[in-house]
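Index from 1, following the sequence. Both ligands and their constituent atoms are indexed starting at 1 by order of listing.
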Amino acid sequence: MNLEHWLGEVISENRKWSDTFGRYRNHNSISINENDFVESFRELVDRLKDNYPFFHPCYAGQMLKPPHPAAIVGYLAGMLINPNNHAKDGGPATAAMEAEVVQLLAHMFGFDQHLGHLTTSGTIANLEALFVARELHPNRGIAYSEDAHYTHKRVCHLLGLGGHPVVVDAQGRMDLNALETLLRTGKIGTVVLTAGTTGLGAIDPIHDALTLCSRYDARVHVDAAYGGFFTLLAGRDGVERLPEADWQTISRCDSVVVDPHKHGLQPYGCGCVLFRDPSVGRFYLHDSPYTYFTSDELHLGQISIECSRAGAAAAALWLTFQVLPPTQEGLGNVLAAGRRAALRWAALIERSDHLTLYQQPDLDILTYFPTRRPSSLSKIDRESERVFRDGMKSVNGQVYLSTLSVTAQNFSDRHRGVVMDADGSRILRSVLMKPESEIFVEELHSRVVRLAAQG
Ligand SMILES: *Cc1c(COP(=O)(O)O)cnc(C)c1O
């Protein structure tokens, strides 16, 4: 896709549309000296070089990558008009697009009816899900796994809800025996299950947990901010296939959150919350002193906590979904490539003398550490940190990784024969969320092996 061409088209189409409203004069107060601008623009471009190459497959660190060109074109087209999706009258076109993309996301999770909308982030989307949880069970708390995103603890604090962490098993999934013990106390109104934890990409046992929760009259919210789009790999053919049961169960859970700005190829500012029961919209109702002249159905501002939101985000996601829809053959192929890359790298590490796999990847996140014999937790911590730092400095063979802190307990659940001389350790972590990682994975592996062998 020729991005320059389409960005030019966006600007000229916008001008044509603007011209239909007749001529007017711009005010002097906003006119600027083009020479000052050139200088500042140069400075901006220069300062932006202080970044990591998120676009390049040698960047195999955090969950970061640039948006798809279609999303950039869609975002700019929306942004030039700058509609506000807090209400239909803030921008009828992008409000309608938001409803359409939310419908596609609901369909992806198998919801046959839904109430939902885009949000600025996964955090806000989870806040809304737990706000509804509180309205439905005002005197009961929230359970989430120890490996759940830190946002849940924070949101519970914000909403004045009791937050109850539940221990995880040796694969980083919520331990259902511990959950049941907690449910028996009657203190829990809603259980948060994570479909793809941010650290390891582990999937909580959603299928079995839902059965358990219904026995104790507890609601279930699924945090699939990072992992949600992997539902497109459930039951598909090929090595990237994921077991269906947990993903299919999401359709019977009470709410789900997914971040199109993580695995949906979008720029930041795009999360989504979906509720299975549309009547929860009643908890959002509020009187606004501003009148809207065309909306008689519930508008977006009446079913969301945020007020102003970028209509451009809806335009970007809408245009992306036209060409890469959230289906197995569309976005599914993008996620499949990242998952195959993670599986391939895991196999290479298993055959390596210099690296050890922390655990098998469930999605596209790989965790590993430098092999040392004899080994201790403090040595693994030191060496992981060294490989992480040296990788970025290495000329011609640079590689950008991330580190993950794990407890001594987490570590010994997976690996014996390592001296536990510390409370925890950093290990190496790579999110392979770019499909290009599949092509680059051998090179990534050899660069990291070279660094690990230097210790
Ligand atoms: C990223 C993430 C969040 C937070 O979402 P933001 O969009 O960063 O606010 C919540 N839960 C999980 C599982 C995540 O991976």
Side-chain angles (χ1 to χ4, degrees), residues 54 61-67 71 101-102 105 109 116-133 142-159 163 165-166 168 171-174 190-206 209 220-231 242 246-247 250 253 255-274 304-306 309-310 313-314 316-317 335 338-339 342 361-367 402 404-405 429-433:
F54 306 126
Q62 309 279 7
M63 280 168 201
L64 288 156
K65 66 174 176 185
V101 294
V102 167
L105 290 170
F109 288 115
H117 59 88
L118 299 181
T119 59
T120 295
S121 67
T123 300
I124 298 292
N126 277 313
L127 170 72
E128 296 205 12
L130 296 191
F131 157 71
V132 166
I142 309 290
Y144 43 80
S145 96
E146 279 176 337
D147 276 11
H149 197 273
Y150 65 81
T151 198
H152 296 289
K153 183 178 175 196
R154 247 195 193 172
V155 163
C156 284
H157 183 61
L158 209 57
L159 293 171
V166 179
V168 291
Q171 273 99 46
R173 301 172 306 198
M174 185 186 279
T190 295
V191 175
V192 175
L193 299 170
T194 306
T197 56
T198 317
L200 299 169
I203 297 141
D204 282 339
I206 303 172
V220 173
H221 167 62
V222 178
D223 181 0
Y226 148 68
F229 288 102
F230 280 98
T231 191
L242 294 171
D246 291 325
W247 297 101
I250 296 178
C253 296
S255 51
V256 59
V257 157
V258 63
D259 265 355
H261 70 204
K262 281 190 179 143
H263 258 302
L265 310 173
Q266 299 307 295
Y268 285 113
C270 196
C272 178
V273 61
L274 297 162
S304 72
I305 287 179
E306 290 175 276
R309 271 191 305 107
L317 188 56
L335 280 99
R339 174 145 165 74
D362 285 302
L363 299 175
D364 62 3
I365 299 177
L366 203 69
T367 46
S402 71
L404 175 71
S405 294
R429 167 175 170 272
S430 288
V431 184
L432 301 177
M433 70 188 319

For the residue pair Y226 and H263, does the interplanar ring angle fall in the parallel (under 30°), tilted (30 to 60°) or perpendicular (over 60°) class?
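Taking H263 first and then Y226, their aromatic rings sit tilted (interplane angle of 30° to 60°).
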Options V155, T119, T198, ranked by nearest heavy atom to atom 15 (O) of ligand 1, top entry:
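It is T198 that holds the nearest heavy atom.
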Hey, looking at atom 6 (P) of ligand 1, which of A224, G122, G196, G199 has the closest heavy atom?
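Of the listed residues, G122 has the closest heavy atom.
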Of the backbone atoms (N, CA, C, O) and the side-chain heavy atoms from C-beta on, which set of N126 has a member under 4.0 Å from an atom of ligand 1: side chain, backbone, both, or neither?
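The side chain, only.
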Quick test: of every protein heavy atom, which one is nearest to [atom], and how far off is it to 0.1 Å?
| atom | value |
| --- | --- |
| atom 9 (O) of ligand 1 | T123 OG1, 2.6 Å |
| atom 11 (N) of ligand 1 | D223 OD2, 2.6 Å |
| atom 1 (C) of ligand 1 | K262 NZ, 1.3 Å |

Of the non-hydrogen atoms in C272 and L118, which two are nearest, and what is the gap between them?
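Taking every non-hydrogen atom into account, CB-CD2, 4.1 Å.
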Which heavy atom of A125 sits nearest a heavy atom of V273, and at what distance?
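Closest approach of A125 to V273: O-CG2, 3.6 Å.
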Using a 4.0 Å cut-off to any heavy atom of [X], which atoms of ligand 1 qualify?
| X | answer |
| --- | --- |
| A225 | 2 (C), 3 (C), 10 (C), 11 (N), 12 (C), 14 (C) |
| S121 | 7 (O), 9 (O) |
| D259 | 5 (O), 6 (P), 7 (O) |
| Y226 | 15 (O) |

Min side-chain heavy-atom separation D204-V168 under 4.5 Å
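Not in contact.
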